[in-house]
Amino acid sequence: MPRSPAALADRVVAWFATAARPLPWRAADVSPWAVLVSEFMLQQTQVSRVQPKWEAWIARWPTPAALAAEPPAEAVRAWDRLGYPRRALWLHRAATELVQRHDGEVPNDLDALLALQGVGPYTARAVAAFAFGARHPVVDTNTRRVLARAVDGRAEAGAPGAARDLAAMSAVLPEDPVAARAFNAGAMELGATVCTARMPRCDACPVADLCAWRAAGYPAHDGPKRRTQARFEGSDRQLRGRIMRELRGSHRPVARDELAPLDPDAARLDRVLGTLVADGLAVASDDGYALPG
DNA sequence: CTCCAGGGAC
DNA sequence: GTCCCAGGAG
């Protein structure tokens, strides 16, 4: 606990009121569905890449029913190169679930949100908080880092643990729902634009004088080193991406032989095609492979 | 725990 | 080249 949790929240809320980026999904007239779409797209994907795809998606499918009425293949095509195309499938599935179980509306209840395909602890709370103004702690990777520094005095957040993270955020979350909403969004914004992972701009930080990490003299991260991420070049991920690009570009099944040039190793190509079929991103037929239906 | 795309900053 | 990114599923 910081000496003055209220001061931390007040500062962030005040800063956010003036420094918030004008992201379109933050506009007052945006529907809960549009917020949900933004949260799916923003999972592990930067704001700058999401924005144009979100605009097009909302224009084409302004309601869950509109998306659910089209085959998953169209969702995967519109997803284009945002990455992690399973999210497009999950969003289509979630739209179907909204039509089936919630009369085509996005629920404001946390458990109902969590039950949707592709909606986890972060996304459920983000939608409840940002689309409906509910007072829940919302903790993403940015907020985890901001709290680790400002409150705990550590350079990096510790091991992810939803319960611990939510408790830490709850400890500094304002009681007033309007302020809580602004603090949830503001902490994320601070982590995204000022308290960044690599080169934090402490000179521009609204809570520099309250920051435990700064007060401690910016101690280096001492915990376990993050595992270096697997090499992308030559990975299954890369091959999956190349296959998906071919499938998106074709409105008929793509023959196995047409995909062969994507990888010299035939066994690996077949194995990776198998993972796409298992994920539901591709459907195999006598004519080859195509997007789902 | 591992896997999952793709792009951009450094 | 390395690391990061409004995470979630199996």
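Per chain, numbering begins at 1; letters A, B, ... match sequence-line order. All values below come from the heavy atoms of this structure, side chains included, with hydrogens, waters and symmetry mates left out.
- A salt bridge is absent between Arg242(A) and Asp263(A): the closest approach of a Lys/Arg side-chain nitrogen to an acidic carboxylate oxygen does not fall below 4.0 angstrom.
- Whole-Å rounding puts the Leu247(A) CG to dA5(B) P distance at 12 Å.
- Taking atom CE on Met41(A) and atom C1' on dG7(C), their separation rounds to 15 Å, with Å as the unit.
- Between Arg145(A) atom CZ and dC4(C) atom P there is a gap of 9 Å when expressed in whole angstrom units.
- Residue Thr141(A) has its side chain nearest to dG7(C) when only dA5(B), dG7(C), dC4(C) are considered.
- Computed from coordinates, the Arg242(A) CZ to dG6(B) P distance equals 9 Å when rounded to whole Å.
- To the nearest angstrom, P of dG6(B) lies 14 Å from CD of Gln229(A).
- Nearest-nucleotide assignment on DNA chain B puts the 5′-proximal partner with Arg81(A), out of Met199(A) and Arg81(A).
- The base of dG6(B) sits within donor-acceptor range of the side chain of Gln46(A), with an N or O pair under 3.5 Å.
- Taking only side-chain atoms of Arg26(A), from C-beta outward, the nucleotide of dG7(B), dA6(C), dG7(C) with the closest atom is dA6(C).
- The listed nucleotides are dC10(B), dA9(C), dG8(C); the one nearest the side chain of Thr123(A) is dG8(C).
- As rounded to whole Å, 13 Å separates atom P of dA6(C) from atom CZ of Phe130(A).
- What separates CZ of Arg240(A) from C1' of dT2(B) is a distance of 13 Å, to the nearest Å.
- When distances run from any side-chain atom of Pro121(A) to the nucleotides dG8(C), dC4(C), dA5(B), the shortest one goes to dG8(C).
- Crowding of Glu105(A) atom CD: a count of heavy atoms from other residues, nucleotides or ligands under 6.0 Å not exceeding 12.
- Closest to the side chain of Arg198(A), from the set dT2(C), dG8(C), dC5(C), is dT2(C).
- As rounded to the nearest Å, dC4(C) and dA5(B) have C1' atoms that lie 14 Å from one another.
- If you check distances only, the side chain of Arg49(A) does reach the base of dG6(B) with a donor-acceptor pair under 3.5 Å.
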